[in-house]
Amino acid sequence: MGKNTERTEMTEIKTEDDNVRVRMAPSPTGFLHIGGARTALFNWLFAKHHNGEFILRIDDTDTARSTDESMQEIFDALKWLGINWDKQYVQSERRNIYDKYVLQLLDSGNAYHCYCTQKELEEIRIESRKAKSPRSYDRRGRYLSSEAIERYKAEGRKPNVRIKMPDTPIRVDDLILGSRNIDPATLEDEVIVRSNGMPNYNLTSIVDDAEMQITHVIRGTEHLNNTPKQIAIANALDLKLPQFAHIPLVLDDTGRKLSKRHHGDLVAVNRYREQGYLPEAMLNFVARLGWSYDDKQEIFSVDELIEKFDLARVGKSGSVFDIKKLEWLNSHYINQLDVAARTDAVIPFWQQEGLLDATKERDWLERIVDAVGERLTTFQDIIPQTRYFFTDAYEYDSKAVKKWWGGSDEKKQKTREILTNLGQILKKIPTFDVETIESAIWKYTDENDIKRVAAMQTLRIALTGMSFGPSLFDIVALLGKDEVLKRIQRAITHLK
RNA sequence: GCCGCUAUCGUCUAGGGGUUAGGACGGAUGGUUCUCAGCCAUCAAACCGGGGUUCGAAUCCCCGUAGCGGUACCA
């Protein structure tokens, strides 16, 4: 623990219920990623737990990078996760509100115009760094003469607006990290309005938090350094402050912050939806990144999450995104579903692959899903695991062939023999059901002293091309006599 | 460079002055089964380092170290 901090006691964070109002404030500059989803979740859980309100605020003041598409993507991702919001705001539609506050700041002398060009700013930065200054802007705009201002105006320079930072320490209280005093000497006179007139984050964020009567700001630790600046702005405006709770970052396996820029859509929530993950699994997974309940429970329903979530049990250090754990949770939640529900979930994937047509009956599909059983980690897995049910356009897996069908001519001869016998036996079966098939095949293996596993694997490869999968008897029954005999014949031909 | 934050198995974490430092994911081994998955059993695996304080420190304090975040007219 650092200096100047006071530990938050491990009792539940006390709040006045019914007054809680939190917000998630994404910038629509890309898809929602795992980290963003977790921020949304924590806010949402906190709101639900306290019967409060959860607001979605689109922080799109960066007009150059914000897009409607990514806004839509964020909506979709949140909806998929089941994180619903009570109110929605878009900052670009609230310009007049921010303008009013900026004017107030200017009038009261708490903000000033800065006419520096990008180039000048860059030079100042280099100088400041050389001088080991804790700041990278020298505040020259604070002391501009009226002549200088006139000159800049005549040049056509468009000023931005900077906040004048106070010279007294700023106390930052954080529900998770404790409290500290920030040395004003390290505080930047932050730009609050761009030269194009658009206010930016540090201004709009804290203004809106006050305007919307946000009680708790729960956001990623990357915003920790912005907090004293925002507090300074709020103080200058005499705005009520929310309570802050900075949650630790979600990291990649090298320990770096997860970001769209570095990790692409590998971390996009919508991508996981497309791959056949369940929102319950994602929610459960993401909740446990930085939050824990006790030393026993790993699986939490949404209701349990709402009931048990508490900021006091959120840790301080970052958590690595471990897809293996997500996969485990996902298969858990998939296996909770009954066959009908799993079939519903899996149909779109079959469709996408063009495997479904009008001849495929619902009952048959459900039987396939039932046969696959607990073998799905994601719904997408249904494709490699069941493709052969729909088409015989598969290759025989070379490793499987080598192991079970044999490389030598004698082994191939033996394999052909087994296949031929199996074909004859199956052909004679009157009722093509699992039990009859099973007893017929085992009668054959046991009476002819053939290893069960050898016969089964030989047949499996002939029917599916693979050496693994659901119970072979299920496969045989599901494929039907004609198809089975056809495939056996094809395998025998292949082996010649 | 400057400012800030953090530090328990590979990962998520529980615990927190006296414990065999617990659980889960992942890994390994064995069992079950026609294969795979699953299931069952077993195993390996951690308190960043150094100083204090104390009878006793992973736990409290200090100092390091490392990692990360920020350092934009992004959010």
Side-chain angles (χ1 to χ4, degrees), chain A residues 1-2 5 25-29 59-62 64-66 114 116 118 121-122 125 128-136 158-162 172 177 180 182-183 185-188 190-196 198-202 204-205 219-228 246 248-249 251 253-257 285 288-299 315-329 331 335 372-377 385 400 404 438 441-442 445 451-461 464 466-473:
Chain A
M1 201 179 303
T5 61
S27 67
T29 55
D59 281 11
D60 63 342
T61 54
D62 185 349
R65 293 197 308 148
S66 298
C114 167
C116 289
Q118 292 294 349
L121 253 18
E122 186 54 34
R125 254 195 296 274
S128 305
R129 186 176 269 234
K130 218 187 285 177
K132 295 182 190 272
S133 162
R135 289 194 295 250
S136 58
K158 294 262 180 288
N160 59 37
V161 180
R162 286 180 183 267
V172 177
L177 297 171
R180 74 211 76 243
I182 302 301
D183 181 354
T186 68
L187 261 21
E188 204 78 77
E190 217 64 41
V191 171
I192 55 172
V193 182
R194 299 170 170 86
S195 49
N196 69 5
M198 184 61 88
N200 62 12
Y201 175 71
N202 279 308
T204 61
S205 181
R219 74 209 331 180
T221 331
E222 72 265 27
H223 289 298
L224 190 57
N225 293 306
N226 289 322
T227 308
H246 287 93
L249 301 176
L251 315 168
D253 57 6
T254 70
R256 298 172 63 97
K257 183 179 112 174
F285 171 69
R288 287 285 288 99
L289 254 28
W291 172 83
S292 64
Y293 179 63
D294 59 16
D295 63 343
K296 300 185 177 61
Q297 194 169 356
E298 289 289 340
I299 307 285
K316 297 178 179 183
S317 52
S319 340
V320 174
F321 169 75
D322 177 16
I323 192 146
K324 287 288 183 194
K325 187 146 181 194
L326 209 209
E327 287 176 348
W328 168 68
L329 280 165
S331 62
N335 295 337
V372 168
E374 298 193 344
R375 272 166 271 249
L376 297 178
T377 296
Q385 291 195 35
W404 298 105
E438 178 171 344
I441 290 180
W442 278 350
T445 55
K451 273 199 210 141
R452 285 182 171 190
V453 63
M456 296 297 272
Q457 287 299 74
T458 296
L459 183 56
R460 178 185 294 281
I461 295 163
T464 72
M466 310 186 295
S467 61
F468 57 88
S471 162
L472 227 209
F473 305 120

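Quick caveat: nothing in here was measured; it's all calculated off a predicted structure. Chain letters run A, B, ... following the sequence lines, proteins first and then strands; every chain starts at 1.
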Quantified in whole Å, what is the [atom1] atom distance between nucleotide [N] and nucleotide [M]?
N: U11(B); M: G26(B); atom1: P; result: 16 Å
N: A24(B); M: G4(B); atom1: P; result: 41 Å
N: U13(B); M: A28(B); atom1: P; result: 24 Å
N: A57(B); M: U20(B); atom1: P; result: 16 Å
N: G69(B); M: G15(B); atom1: P; result: 27 Å
N: U6(B); M: G18(B); atom1: C1'; result: 28 Å
N: C47(B); M: A7(B); atom1: P; result: 16 Å
N: A21(B); M: C48(B); atom1: P; result: 15 Å

Could you check whether any side-chain heavy atom of [X] comes within less than 4.5 Å of a side-chain heavy atom of [Y], counting everything from C-beta outward?
X: Leu329(A); Y: Ile299(A); answer: yes
X: Pro248(A); Y: Ser317(A); answer: no
X: Thr445(A); Y: Lys451(A); answer: no
X: Glu188(A); Y: Ser136(A); answer: yes
X: Lys324(A); Y: Leu326(A); answer: no
X: Glu190(A); Y: Tyr201(A); answer: no

Between [X] and [N], is there a side-chain N or O to OP1/OP2 distance below 4.0 Å?
X: Arg194(A); N: C74(B); answer: yes
X: Thr377(A); N: A37(B); answer: no
X: Thr221(A); N: U6(B); answer: no
X: Arg288(A); N: U11(B); answer: no

When all nucleic acid strands are considered with a 4.0 Å heavy-atom cut-off, which category describes [X]: base, sugar-phosphate, or nothing?
X: Gln297(A); result: nothing
X: Arg135(A); result: nothing
X: Phe473(A); result: base
X: His246(A); result: nothing
X: Asn200(A); result: sugar-phosphate
X: Pro470(A); result: base
X: Cys116(A); result: base
X: Leu249(A); result: sugar-phosphate
X: Asp183(A); result: nothing
X: Gly220(A); result: nothing
X: Gly255(A); result: sugar-phosphate

Round to a whole Å and report the spacing from [atom1] of [X] to [atom2] of [N].
X: Leu251(A); N: A66(B); atom1: CG; atom2: P; answer: 19 Å
X: Arg375(A); N: C39(B); atom1: CZ; atom2: P; answer: 12 Å
X: Asp294(A); N: C12(B); atom1: CG; atom2: C1'; answer: 14 Å
X: Ile182(A); N: U71(B); atom1: CD1; atom2: P; answer: 15 Å
X: Lys257(A); N: G69(B); atom1: NZ; atom2: P; answer: 7 Å

Record whether the side chain of [X] comes under 3.5 Å of the base of [N] through a donor-acceptor pair of N or O atoms.
X: Arg129(A); N: C2(B); answer: no
X: Arg256(A); N: C68(B); answer: no
X: Ser195(A); N: C73(B); answer: yes
X: Asn202(A); N: A75(B); answer: no
X: Glu298(A); N: G23(B); answer: yes
X: Ser133(A); N: C2(B); answer: no

Could you check which of [options] has an atom nearest any side-chain atom of [X]?
X: Leu121(A); options: C3(B), C73(B), C12(B); value: C73(B)
X: Lys325(A); options: C73(B), G70(B), C25(B); value: C25(B)
X: Ser136(A); options: C73(B), A72(B), C5(B); value: A72(B)
X: Ser292(A); options: C73(B), A14(B), G10(B); value: A14(B)
X: Ser471(A); options: U35(B), C2(B), A24(B); value: U35(B)
X: Arg125(A); options: A7(B), C73(B), C2(B); value: C73(B)
X: Lys132(A); options: C34(B), A75(B), C2(B); value: C2(B)
X: Arg65(A); options: C34(B), A75(B), U35(B); value: A75(B)
X: Tyr201(A); options: U6(B), C25(B), A75(B); value: A75(B)
X: Pro134(A); options: C5(B), C36(B), C2(B); value: C2(B)

Is it true that Asp322(A) and Lys325(A) have a side-chain N and a carboxylate O under 4.0 angstrom from each other? no
Under a 4.0 Å N-O cut-off, is there an ion pair linking Glu298(A) with Arg288(A)? yes
Base paired to [N] (Watson-Crick or G-U; both N/O distances under 3.5 angstrom):
N: A66(B); value: U6(B)
N: U54(B); value: none
N: A24(B); value: U11(B)
N: A72(B); value: none
N: C39(B); value: G31(B)

Arg460(A) side-chain N/O to Ala455(A) backbone N/O, donor-acceptor pair under 3.5 Å: no
Closer to the 5' end of RNA chain B via nearest nucleotide, is it Gly318(A) or Asn225(A)? Gly318(A)
Does a donor on one side chain sit under 3.5 Å from an acceptor on the other, for Thr227(A) and Arg219(A)? yes
